[in-house]
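Below: one structure, written as structure tokens.
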There are 2 protein chains.
Amino acid sequence: MTDRTEPRRGRPGYDQQGILDVAVGVFNAHGYDATSMGMLASSLGLSKAAIYHHVSSKEQLLEMALGRALSALEGVLDASHERGDALSRLSFVLTGAVKVLVDELPSVTLLLRLRGNSEVERAALTRRRAFDHAVTQIIVEAQRDGSLRDDVAPGVAERLLFGMVNSLAEWYKPGGPEDAERLAADILAVALEGLRAH
Amino acid sequence: MTDRTEPRRGRPGYDQQGILDVAVGVFNAHGYDATSMGMLASSLGLSKAAIYHHVSSKEQLLEMALGRALSALEGVLDASHERGDALSRLSFVLTGAVKVLVDELPSVTLLLRLRGNSEVERAALTRRRAFDHAVTQIIVEAQRDGSLRDDVAPGVAERLLFGMVNSLAEWYKPGGPEDAERLAADILAVALEGLRAH
DNA sequence: GTCTATAAATGGATAGAC
DNA sequence: GTCTATCCATTTATAGAC
């Protein structure tokens, strides 16, 4: 994975990654569909035509951002296989997903708002559903071994857990009062123990 | 509140409510910005021009739907004031919000996806923030009286709870295996007691 | 209440100069 | 690597007939 923040060498104008970073920010601010190449151009301080020197289409920008987000999430799932019992794996995935959301907030935010309006969007949604399904299987296992209550359907539990995690895209502000580890701990605490005082 | 489903009297063509119901469905399927009046027209089986006989603009359709969603949510908050302690009020609001989401799924879904791209959208987001703030105040009170744990910041708790509730807009299907009461009970159970087996 | 036709603006994308 | 100028499809919305 290339480092987005490293300043480039020759440094005349933008490179593709620089275009992408700005584009994802504007996509998230106004929504992908509501963002025109003209808005993108003025955010970049370029003409519309100049953007097409770096990318072939608006949709290619979307595709690159979605690939980044999905790879990061899938990486968490892959790493979780090394873990022991199902509850440990679930905790690891939730914590990892929060970290991904915080680290890759722009691209994941874009992913979470997809409507499936094009082939690119539908392919991303399919990959995302596979992720959700894999997490649901971990929950099934944890219910089976008795570490999670089984009176909540595993699919519902998965969606509620990621409802909390994914809500970060709507309200987490980098540099705010809460850091990623604290948020991950809060979410895990609510998910496993609940909010009621003991 | 008028009944959407009641068949109209004269019944030649559409009335405004009929246009709105179809429009909100199409807005949600493709996203408001990605929906053109042309798509709307073909979903209605009308010409674009005919739509303008019923509404003055695409944005008016959005405004009407958002008003419906916000009024329903605010109604839950108003009704909660009759309740006793803070924890009862919070449970009532969460359950009520789930019921609103299920009953008014299309308009609430639209509300939850706003980006603030126009005055209409920003006004709706302001009303929605007021709702979230009022719920946060209930949580503050419940932490103060000792019924909720206070090691999770009240604002974070509120966003996590409504992260679960609002996620319904992304996956709840009317007529599916789970009904509204069951879902409300599941969410309340996870929110208060957590998923870990006891 | 709905139509056809059309206006006026904006959309994504390209050509070719520098 | 960026520009100006432009193409062409699509957009929201209106005019006026039926």
Side-chain angles (χ1 to χ4, degrees), chain A residues 4 6-66 110 114-115 117-121, chain B residues 4 6-66 110 114-115 117-121:
Chain A
R4 269 185 309 177
E6 186 181 322
R8 288 164 41 260
R9 292 155 311 197
R11 73 160 40 232
Y14 288 96
D15 64 352
Q16 197 188 54
Q17 192 61 55
I19 300 276
L20 180 59
D21 289 345
V22 173
V24 173
V26 183
F27 288 162
N28 281 327
H30 305 95
Y32 173 75
D33 291 298
T35 303
S36 70
M37 293 301 269
M39 294 165 63
L40 224 51
S42 64
S43 288
L44 288 159
L46 293 181
S47 65
K48 285 196 291 176
I51 300 174
Y52 289 93
H53 180 76
H54 301 280
V55 295
S56 65
S57 68
K58 181 183 167 185
E59 192 164 47
Q60 195 199 343
L61 288 166
L62 179 64
E63 191 168 20
M64 290 189 295
L66 295 178
L110 207 49
L114 290 191
R115 302 306 313 146
N117 286 332
S118 65
E119 266 321 306
V120 166
E121 295 192 17
Chain B
R4 268 184 310 177
E6 186 181 323
R8 287 164 41 261
R9 294 155 309 198
R11 74 162 33 232
Y14 287 98
D15 64 351
Q16 198 188 53
Q17 192 61 55
I19 299 276
L20 180 60
D21 289 345
V22 173
V24 174
V26 183
F27 287 162
N28 281 327
H30 304 95
Y32 174 75
D33 291 297
T35 304
S36 69
M37 294 300 269
M39 296 164 64
L40 225 50
S42 65
S43 287
L44 286 159
L46 292 182
S47 66
K48 288 193 289 175
I51 301 175
Y52 289 95
H53 179 76
H54 301 280
V55 295
S56 65
S57 67
K58 180 181 165 185
E59 191 164 48
Q60 196 200 341
L61 288 166
L62 179 65
E63 191 168 20
M64 290 189 295
L66 296 178
L110 208 49
L114 290 191
R115 301 307 312 146
N117 286 332
S118 65
E119 266 321 307
V120 166
E121 295 192 17

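Convention: sequence-line order gives letters A, B, ...; per-chain numbering from 1.
Atom pair K48(B):NZ and dA5(C):P shows a separation of 13 Å (rounding to whole Å applied). When rounded to the nearest whole Å, the span between CD1 of I19(A) and C1' of dG1(D) equals 10 Å. Residue M37(B) contributes atom CE, which lies 20 Å from atom P of dA5(C) at whole-angstrom precision. N117(B) has its CG atom 16 Å from the C1' atom of dT12(D), to the nearest Å. If you measure from atom CD of Q60(B) to atom P of dT14(D), you get 12 Å, rounded to the nearest angstrom. Rounded to whole angstrom, the span from the OH atom of Y32(A) across to the C1' atom of dG11(C) amounts to 12 Å. A straight line from NZ of K58(B) to P of dT12(D) spans 5 Å, rounded to a whole angstrom. Across the protein-nucleic acid pair, I51(B) atom CD1 and dC3(C) atom C1' stand 13 Å apart, rounded to whole Å.
Phosphate contact (OP1/OP2 of dT14(D), side-chain N/O of Y52(B), threshold under 4.0 Å): absent. The shortest distance between the side-chain N/O atoms of H53(B) and the OP1/OP2 oxygens of dT2(C) is not below 4.0 Å. The phosphate of dC3(C) (OP1 or OP2) has a side-chain N or O of S47(B) nearer than 4.0 angstrom.
At a threshold of 4.0 angstrom between heavy atoms, the contacts of S36(B) are confined to the sugar-phosphate backbone, with no base atom among them.
With dA5(D), dA5(C), dT12(D) as the choices, the nucleotide that has an atom nearest any side-chain atom of A49(A) turns out to be dA5(D). Between dA5(D), dA13(C), dT2(C), one nucleotide has an atom nearer to the side chain of S57(A) than all others, and that is dA13(C). For H54(A), the listed nucleotide lying nearest its side chain is dG1(D); candidates were dA15(D), dG1(D), dG1(C). The side chain of Y14(B) sits closest to dT2(C) out of dT2(C), dA15(C), dA15(D).
Across every non-hydrogen atom of H54(A) and Q16(A), the tightest pair is O-NE2, 3.1 Å. Contact between V22(B) and S43(B) at its shortest, heavy atoms only, is CG1-CB, 4.2 Å. Of all the heavy atoms in D33(B) and K58(B), the pair that sits closest is O-NZ, 3.8 Å.
Looking at Y14(A), its side chain does come within 3.5 Å of a backbone N or O of L44(A) through a donor-acceptor pair.
Each of L114(B), L61(B), V24(B) was scored for a side-chain contact (heavy atoms from CB on, under 4.5 Å) with L66(B), with one residue passing: L114(B).
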